[in-house]
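Ligands are counted one by one from 1 in listed order, and the atoms in each one are counted from 1 as well. All figures in this text were calculated on a predicted structure; none of them were measured in a lab.
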Amino acid sequence: MTAKLTALQHRPADLIAERMPQHVAVIMDGNGRWAKQRGLPRIMGHKRGVDTLKLLLRCCNDWGIGALTAYAFSTENWGRPEEEVEFLMVLFERVLRRELAELMAENVRIRFVGNLAVLPASLQQEIERSMVDTAQNTGVQFTVATNYGGRQEIVQACRAIAHQVKQGNLEPEEVNDALFERHLYTQGLADPDLLIRTSGEMRISNFLLWQLAYAEMYITDTFWPDFDHEEFHRALVNYQQRHRRFGKL
Ligand code: IPE
Ligand code: IPE
Ligand code: MG
């Protein structure tokens, strides 16, 4: 994998620099099916999925995409078998610990969004450490949605705003899009331009419900562990051919 990575560097010639998405969001789906197809336990798919994520981060860095947001664990994923949930929590922690030095070397700024307070304490510590250590980095802004739910995010924003109104610090008329956005987990991050979902499912699954309002969607049948730089390249070419109208003509 290392050889392939060092070979990347340059943006493929058919991608137009001025039309690169500034923020790409990914629903990393299909790890379980990838493993099943090979007669492997589902967790092997999750392990391989980490490599895909690392590769995309590298592509963003090399090709001029400023922000990458990845859906790692949804509020609904707690409903999976206990062993799988446990494995994922341990995997997140292990990967963070193992990759932090490389994230620093690559100048990546990492941030976690979601209800982090209920994650295992040791994982919370690694999350905190990675966010503090990389806070001053100026490269790709890498956001990981962990125990994330779009509805929950909107509800907690409403609750925070309601408190301010109740305390008399805010007038209901002052609640607008800009104010609302400042209460989302993703505050300060521009909305995604492109949403990629792997493994063919044509749904949002409670991801970034507010932020995806005008994102271009790209869905591929490829399972997440098989999504590589060529697939990413293909998605970007497709994106660059779109005509984004934002409701206008
Ligand atoms: C996505 O792959 C990873 C997570 C949701 C954590 P899945 O685990 O959903 O894989 P499939 O959809 O069952 O194949
Ligand atoms: C979405 O995938 C969540 C993540 C990728 C973390 P799921 O596999 O959980 O979504 P559904 O169940 O197919 O909608
Ligand atoms: Mg899935």
Side-chain angles (χ1 to χ4, degrees), residues 23-57 60 67-96 98-99 110-120 122-124 126-127 130 142-155 184-186 189 192 194-212 215-228 231-232 235:
H23 180 184
V24 174
V26 286
I27 300 179
M28 313 187 284
D29 199 15
N31 291 349
R33 279 164 281 174
W34 179 91
K36 190 172 177 213
Q37 207 179 45
R38 287 164 176 73
L40 298 168
R42 290 176 55 83
I43 56 168
M44 292 308 290
H46 297 316
K47 272 181 131 175
R48 280 295 297 270
V50 174
D51 296 337
T52 299
L53 190 54
K54 283 175 63 183
L55 178 62
L56 285 211
L57 200 50
C60 288
L68 177 70
T69 297
Y71 203 5
F73 194 87
S74 76
T75 45
E76 289 71 33
N77 287 148
W78 294 107
R80 294 188 177 202
E82 209 177 304
E83 315 85 72
E84 181 166 341
V85 171
E86 254 170 45
F87 176 85
L88 284 168
M89 296 300 150
V90 171
L91 180 70
F92 297 154
E93 194 179 321
R94 202 189 306 146
V95 168
L96 258 186
R98 191 180 69 204
E99 303 295 335
I110 194 169
R111 165 164 158 194
F112 284 77
V113 293
N115 179 6
L116 308 177
V118 301
L119 295 173
S122 52
L123 174 57
Q124 284 188 53
E126 287 302 322
I127 285 176
S130 68
F142 178 37
T143 305
V144 188
T146 311
N147 191 23
Y148 174 89
R151 286 185 170 178
Q152 290 80 350
E153 179 183 38
I154 289 170
V155 167
L184 295 173
Y185 298 133
T186 52
L189 184 65
L194 172 64
L195 170 72
I196 297 174
R197 182 165 187 153
T198 53
S199 88
E201 243 60 77
M202 306 221 185
R203 53 179 173 255
I204 297 289
S205 301
N206 205 13
F207 191 40
L208 301 177
L209 296 181
W210 170 281
Q211 298 86 340
L212 291 173
E216 294 294 326
M217 297 171 59
Y218 180 87
I219 293 162
T220 170
D221 285 336
T222 304
F223 296 139
W224 178 251
D226 285 333
F227 192 85
D228 61 7
E231 295 261 358
F232 191 35

Atoms in ligand 2 with a heavy atom of [X] nearer than 4.0 Å:
{"X": "R80", "answer": "7 (P), 8 (O), 9 (O)"}
{"X": "R203", "answer": "11 (P), 13 (O), 14 (O)"}
{"X": "R197", "answer": "2 (O), 10 (O), 11 (P), 13 (O), 14 (O)"}

Got more than 12 heavy atoms from elsewhere within 6.0 Å of CZ, R38?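 Above 12, so yes.
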
Count the heavy atoms of every other residue, nucleotide or ligand shown that sit under 6.0 Å from CD of E76, and state whether that count exceeds 12.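 More than 12 within 6.0 Å, yes.
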
Side-chain donor or acceptor of [X] paired with backbone N/O of [Y] under 3.5 Å:
{"X": "E84", "Y": "I43", "value": "no"}
{"X": "T146", "Y": "F73", "value": "no"}
{"X": "W34", "Y": "G45", "value": "no"}
{"X": "Y148", "Y": "L208", "value": "yes"}
{"X": "D51", "Y": "P225", "value": "no"}
{"X": "E153", "Y": "L184", "value": "no"}

Check S74 against ligand 1 and report side chain, backbone, both or neither, counting heavy atoms closer than 4.0 Å.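 Within the 4.0 Å criterion, S74 makes no contact with ligand 1.
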
Out of curiosity, T220 OG1 to D29 CG, how far, rounded to the nearest 0.5 Å?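 Reported to 0.5 Å precision, the distance equals 11.5 Å.
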
Minimum-distance protein heavy atom relative to atom 14 (O) of ligand 2: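 The closest heavy atom on the protein side is S205 OG, 2.6 Å.
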
To which protein heavy atom is atom 2 (O) of ligand 1 closest, and what is the distance rounded to 0.1 Å?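 Answer, as residue, atom name and distance: N31 N, 3.2 Å.
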
Just distances here: any N/O of [X] and N/O of ligand 1 closer than 3.5 Å?
{"X": "L88", "value": "no"}
{"X": "D29", "value": "yes"}
{"X": "N77", "value": "no"}

With backbone taken as N, CA, C and O and side chain as the heavy atoms from C-beta onward, which portion of F73 lies under 4.0 Å from ligand 2: side chain, backbone, both, or neither?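 The answer is the backbone of F73.
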
Please report whether atom 9 (O) of ligand 2 has a protein non-hydrogen atom at a separation of less than 4.0 Å.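 Yes, at least one protein heavy atom sits under 4.0 Å from atom 9 (O) of ligand 2.
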
Any S199 heavy atom less than 4.0 Å from ligand 1: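 No, S199 has no heavy atom closer than 4.0 Å to ligand 1.
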
Can you find a non-hydrogen atom of G45 under 4.0 Å from ligand 1?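 Checking ligand 1 against G45, which is what was asked, there is no heavy-atom contact under 4.0 Å.
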
Between N147 and Q152, is any side-chain donor less than 3.5 angstrom from a side-chain acceptor?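 No pair is found: no donor N or O on one side chain lies under 3.5 Å from an acceptor on the other.
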
Atom nearest to the Mg ion (ligand 3) - D29, N, O or S atoms considered: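 Looking only at N, O and S atoms of D29, the one nearest the Mg ion (ligand 3) is named OD1.
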
Numbered atoms and elements of ligand 1 in range of M28, under 4.0 angstrom, heavy atoms: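 Contacts of ligand 1 toward M28, numbered from 1: 1 (C), 2 (O), 3 (C).
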
A72: numbered ligand 1 atoms lying under 4.0 Å from its heavy atoms: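 Going through ligand 1 atom by atom, the ones under 4.0 Å from A72 are 6 (C).
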
Indicate the atoms forming the closest heavy-atom contact of S199 with R33, along with that distance.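 Closest pair (atom of S199, atom of R33, distance): OG-NH2, 3.0 Å.
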
Counting heavy atoms only, which of R33, R42, E201 is nearest atom 13 (O) of ligand 1?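 Nearest option to atom 13 (O) of ligand 1, by heavy atoms: R42.
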
